[in-house]
Amino acid sequence: MSETSSLKTIRLGLAGLGTVGSAVARHLRDESRLLAGRSGFRFEIVRIAVRDKARHLAAGVDPALLTTSWRELVETEGIDLVVELMGGEEEARSCLLAALEKGVSVVTANKALLAAHGAELFAAAERTAASIFFEAAVAGGIPVIKAVKESLVGNHISAIHGIINGTGNYILTRMTEAGLGFSEALEEARAKGYAEADPTLDVNGWDAAHKAIILASLAYGYWVAPADLRVEGIDRVARQDIGYAARLGYVIKHVGVIKAGNGGGEVEVRVQPSLLPREHTLASVGGVTNALAIRGDLIGESLFVGPGAGGDATASSVISDIVDAAHSLDKGPRNAGFVPHGLYGRTKPAALTVSEFYLRIPVRDQPGVIARIAGILAAKEIGISATVSLAPSEMPDGKFNEVILMTHEAPLGLMEEAVEEVAREAFVTGPPVLLRVEKP
Ligand code: NDP
Ligand code: HSE
């Protein structure tokens with residue numbers, strides 16, 4: 001008799017055996033003794049759902065486990081927990097709802113699903129006293145969901161600044177440090193298993209936005225609507241902006257910002273490429289690493305840094321959820337996984353959010369250009385705090401062709417009005433680039 005045979009067995013249905021699912025299956029198998037010793041449970045995968053059964057059979061997966069139907073997986077006799085690692089929205093939503101309606105708890109890494117359907121899913125879990133575990137949905141291997149939900153439960157959280165997309169950070173780092181082109185850097189990130197099945201979401205900012213929605217909802221106790229977010233991706237970052245930012249003492253990172261006052265009121269949630277002061281810890285976070293600076297009234301600022309994507313790192317979070325789920329199956333759930341409260345409830349319109357800005361305007365070399373730009377900004381009471389002076393050797397034919405400046409704080413709406421007005425001037429030769437400056 002093996003030393004784990006007397007332990008309670010948790011029967012798992014694994015929906016998805018891709019980058020994350022295969023890492024979870026491997027670690028559950030290879031580390032079964034460690035997990036049994038630490039958790040007091042045995043974990044047995046009793047069903048695995050995939051799309052391409054033939055490929056997985058050829059790779060040696062036990063035919064008795066495989067199905068191409070997640071529904072069949074959910075219906076498996078005696079299943080204790082469904083672990084959804086398929087990705088996508090509609091099929092994953094139906095899979096989770098089917099499990100929750102049966103009273104079966106779920107673990108998911110699917111941030112797109114939770115951001116779009118979180119309220120519906122947690123309500124379904126509440127109805128049947130099941131739970132949803134989702135540590136892997138934000139920041140890959142960093143245990144930040146547990147931190148916000150449990151470890152910081154006594155804090156009013158005033159701000160979270162985070163680099164929360166590993167692929168985007170990897171691409172920016174490779175472009176900055178190795179001089180790679182955008183597509184080449186993206187291909188590397190895909191090959192390493194960091195990118196989404198559809199990497200558009202990594203590039204256009206929406207993967208980070210999904211994570212910001214989940215974090216904001218946990219921190220402020222209401223389900224934040226995707227339509228209320230301003231979302232910009234790393235596709236807005238040009239190589240020359242990385243260079244100018246460096247000359248001004250900044251690093252460009254893709255940053256999620258979540259903020260609110262301690263006493264309730266409106267919550268600010270946005271994600272965008274931003275200039276971070278070079279000396280701030282977040283600015284030095286490169287590659288697939290994610291980092292979050294969380295400010296709470298009791299703790300002050302706390303930093304969480306670690307791998308934000310990849311099979312093994314994400315499996316670390318999924319396995320932690322599986323063990324938590326096993327304990328709650330044993331002792332009874334504490335709650336569905338998200339509990340709304342009434343202290344907050346409105347998201348601040350993006351136009352009213354305030355920050356300093358970086359502005360680059362392609363221009364024709366003619367008298368009065370800088371004075372006119374400064375005048376348009378001044379008319380809206382937006383002050384200039386710094387400029388980049390180009391050496392003659394940096395200007396084509398010795399003529400200056402770009403104005404690069406930083407502003408003092410202004411609301412985004414006002415800043416965008418000013419930029420539109422500047423863009424209408426005859427001396428402007430291309431679309432201006434406007435980036436935020438964050439001072440976490
Ligand atoms: P993959 O594309 O590598 O794997 C998806 C798996 O799900 C595959 O095994 C696929 O089958 C299976 N699958 C997809 N659709 C269905 C379906 N309708 N029915 C049955 N099986 C299906 O994705 P990842 O492992 O990278 O990501 C999984 C989830 O984890 C996603 O929600 C992702 O956002 C999230 N995540 C990923 C991270 C990462 O670093 N990769 C990090 C954090 C979260 P088949 O193998 O036959 O194609
Ligand atoms: N594609 C995501 C990223 C996976 O690169 O951050 C982790 O959520």
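For the numbers below, each heavy atom of this structure counts, side chains included, while hydrogens, waters and symmetry mates do not. Quick caveat: nothing in here was measured; it's all calculated off a predicted structure. First listed ligand is number 1; within each ligand, the first listed atom is number 1. Numbers here are sequence positions counted from 1.
From the protein, the heavy atom lying nearest to atom 43 (C) of ligand 1 is T314 CG2, 3.4 Å. The protein heavy-atom contact nearest to atom 7 (C) of ligand 2 is G308 O, 3.2 Å. Protein heavy atom closest to atom 48 (O) of ligand 1, with residue, atom name and distance, is R51 NH2, 3.1 Å. Considering only non-hydrogen protein atoms, atom 35 (C) of ligand 1 sits nearest to A109 O, 3.5 Å. Of all protein heavy atoms, the one closest to atom 4 (O) of ligand 1 is G18 CA, 3.3 Å. The shortest contact between atom 25 (O) of ligand 1 and any protein heavy atom is with V20 N, 2.9 Å. The nearest protein atom to atom 47 (O) of ligand 1, hydrogens excluded, is given as D52 N, 2.6 Å; this is a heavy-atom distance. The protein non-hydrogen atom at the shortest distance from atom 45 (P) of ligand 1 is R55 NH2, 3.4 Å. At the top of the distance list for atom 2 (C) of ligand 2, counting protein heavy atoms only, stands E196 OE2, 3.2 Å. Scanning the protein for heavy atoms near atom 33 (C) of ligand 1, the closest one is E196 OE1, 3.5 Å.
Between Y194 and ligand 2, an N or O atom pair is found at a separation short of 3.5 Å. Polar contact with ligand 1: present for G310 (N/O pair, distance under 3.5 Å). Residue-to-ligand polar distances keep A195 apart from ligand 2: every N/O pair is separated by 3.5 Å or more. Residue G311 has no nitrogen or oxygen atom sitting less than 3.5 Å from a nitrogen or oxygen atom of ligand 1, judged on distance alone. For a threshold of 3.5 Å applied to N or O pairs, the pair formed by W70 and ligand 1 contains no separation below that value.
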> Taking it one step at a time, do E89 and N110 satisfy side-chain contact (heavy atoms from CB on, under 4.5 Å)?
Replying inline: CA-CA 8 Å; E89 257 182 65; N110 194 331; 5.7 Å; no
>> With side-chain contact (heavy atoms from CB on, under 4.5 Å) as the criterion, how do T167 and I171 come out once you've worked through the C-alpha distance, each side chain's angles and the decisive distance to 0.1 Å?
In response: CA-CA 6 Å; T167 302; I171 293 172; 3.9 Å; yes
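Residue contacts with ligand 1, taken as heavy atom pairs separated by less than 4.0 Å, do not involve A92 at all.
Between E416 and R230 a salt bridge is recorded (basic side-chain N to carboxylate O distance below 4.0 Å).
When the heavy-atom distances from atom 9 (O) of ligand 1 to V288, N110, L14, L17 are ranked, the shortest goes to L17.
Within ligand 2, counting atoms from 1 as listed, the ones closer than 4.0 Å to a heavy atom of D202 are 1 (N), 2 (C), 3 (C), 5 (O).
Contact annotation: the side chain of S217 approaches that of V224 to within less than 4.5 Å [non-hydrogen atoms, C-beta and beyond].
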